[in-house]
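Just below is one structure, and these are the notes that go with it.
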Amino acid sequence: MKGVRPDIALLRQNGITAVAFTRMNDPKVIPLWFGEGDDVTADFIREAAKKALDDGQTFYVHTRGIESLRQSIQSYLESLYAREINPRRISVPGSAMIGVTIAAQMSLNKGDEALIVSPHWPNIEATYRITGAKVNMVRQRETESGWQLSAAEIINKVTAKTRSIYVNSPCNPTGWVMTRPDQEELLACCRERNILLIADEVYHRCVFGAKAAPSFLEIARDDDPVVVINSFSKAWAMTGWRVGWVVTPAEQSDHWAMMSECFNTGATVFAQHACIVALEEGEHVVQELKTQYETGAKMVSDILMGHERIKLAPPRGAFYAFPRIEGIQSSLEFTKRLLQEEDVGVAPGYTFGPGNDQNIRLCFARSHEKLQVGLDRIVSFVERYDQP
Ligand SMILES: Cc1ncc(COP(=O)(O)O)c(C=O)c1O
């Protein structure tokens with residue numbers, strides 16, 4: 001490809017959009033393909049953005065985010081995790097995805113190795129690959145009680161060239177949640193070998209049976225090589241706002257400002273003002289969404305787990321189910337036919353890394369009415385499905 005360097009020319013469209021873009025705004029489709037619900041962001045958060053615009057919040061601001069937002073994030077994290085966070089560690093570079101990209105760019109040279117806990121969201125692999133690093137994977141195990149992986153299994157895959165490890169807990173697409181002892185063991189390894197740990201915690205509030213999932217923030221010191229990624233997208237239903245935050249080692253703070261200049265030159269300013277309101281007044285929204293996701297998870301388990309052709313390891317967090325369906329040979333062929341014949345949109349498993357071509361991913365954050373119809377149609381399709 002002319003004018004494009006090889007690492008970028010090699011990128012391929014991911015399987016989620018490959019299916020979804022074919023009928024994205026079709027009202028006949030029950031869309032369970034993307035990681036979002038159907039409720040618009042809460043009105044008081046939208047009002048705050050409108051007010052910020054009316055107040056003239058339309059100028060460049062600090063590339064690590066406006067100070068008042070960084071202070072709100074600090075208070076939110078300090079109250080959630082009951083520990084002090086050095087304000088120099090907090091930056092708002094744009095979306096969570098920009099946070100992952102900057103962390104990958106900061107830590108990896110061509111020829112280095114990166115390790116991803118898999119199954120994984122495809123954008124993460126792409127972001128790692130365009131650094132020119134070699135990407136290795138360590139696979140979670142599917143068990144009857146949920147997906148599992150120990151720190152020892154991750155550490156076992158670390159090589160002398162590993163410079164970055166990516167862990168997403170609660171996990172998209174499996175719902176795996178890393179335990180505190182495993183976090184401690186992995187952090188100690190990264191500390192000792194100076195490996196940047198990218199801890200993607202965008203689903204930190206989407207966990208079943210607890211206020212929040214165990215976070216690396218609860219155990220990391222100011223100078224530990226950990227970047228904790230977070231976002232307004234999931235917990236406050238703000239996917240289209242494109243704002244997230246990172247908590248980094250304190251000494252990296254100027255580099256996050258400089259890298260943010262390269263990528264986005266800061267997050268959209270009036271959105272940042274609305275994010276303060278989300279943090280300070282939106283706890284009830286987080287709780288309501290969490291309850292909705294919990295019921296969605298139960299519906300998915302009740303309907304899919306008993307089926308003889310469907311194997312589902314129940315998710316413990318995030319808002320996805322990642323069932324394996326007996327008889328599928330190509331997850332892309334299956335999802336395309338499901339869309340065509342049943343008007344239900346899900347994501348094909350192959351796009352979440354190797355070993356998943358019999359799986360599909362469906363998002364249960366949607367309204368329960370839509371979810372119920374979607375699940376019923378998936379089951380009836382599975383029952384009559386025969387390979388081509
Ligand atoms: C695991 C994971 N990390 C990061 C992101 C990106 O979040 P955002 O949309 O806030 O950039 C997503 C979005 O789905 C995700 O699932």
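Numbering of ligands and ligand atoms starts at 1, following listing order.
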Going by heavy atoms, is [X] under 4.0 Å from ligand 1?
X	value
Glu36	no
His120	no
Ser233	yes

Side chain to side chain contact (heavy atoms under 4.5 Å, CB included) assessment of Met97 paired with Val100: CA-CA 5 Å; Met97 198 54 231; Val100 178; 4.3 Å; yes

Counting only nitrogen or oxygen atoms and a 3.5 angstrom limit, does [X] reach ligand 1?
X	value
Tyr320	no
Thr239	no
Asn168	no
Trp121	no
Val202	no

Identity and separation of the nearest protein heavy atom to [atom]:
atom	result
atom 13 (C) of ligand 1	Lys234 NZ, 3.3 Å
atom 4 (C) of ligand 1	Asp200 OD2, 3.4 Å
atom 9 (O) of ligand 1	Arg242 NH1, 2.8 Å

Ser72 side chain to Ser75 side chain, donor-acceptor N/O pair below 3.5 angstrom: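 No pair is found: no donor N or O on one side chain lies under 3.5 Å from an acceptor on the other.
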
Side-chain donor-acceptor pair present, Asn172, Arg361, cut-off under 3.5 Å: yes

Check [X] against ligand 1 and report side chain, backbone, both or neither, counting heavy atoms closer than 4.0 Å.
X	result
Phe34	neither
Tyr203	side chain
Ala96	both

Least distance between heavy atoms, Val246 atom then Gly99 atom: CG1-CA, 3.9 Å

His120/Tyr128 aromatic ring centres below 6.0 Å: no

Proximity of Tyr320 and Tyr203 rings by center, below 6.0 Å: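 Yes: the rings meet the under 6.0 Å criterion.
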
Short side-chain to backbone donor-acceptor contact, Ser301 and Lys298, under 3.5 Å: no

Under 3.5 Å: donor-acceptor pair, side chain of Asp376, backbone of Ile378: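 No; zero donor-acceptor contacts below 3.5 Å.
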
Provide the number and element of each atom of ligand 1 under 4.0 Å from a heavy atom of [X].
X	value
Met97	11 (O)
Ser95	11 (O)
Tyr166	1 (C)

Crowding at CD, Glu383 (>12 non-hydrogen neighbours, <6.0 Å):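 Yes, because the 6.0 Å sphere around CD of Glu383 holds more than 12 heavy atoms from other groups.
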
Asn359 and Phe352, any side-chain heavy atoms less than 4.5 Å apart: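 Of all side-chain heavy-atom pairs linking Asn359 with Phe352, none is under 4.5 Å.
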
Side chain to side chain, Cys275 and Met238, heavy atoms closer than 4.5 Å: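 Contact flag for Cys275/Met238 side chains = yes.
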
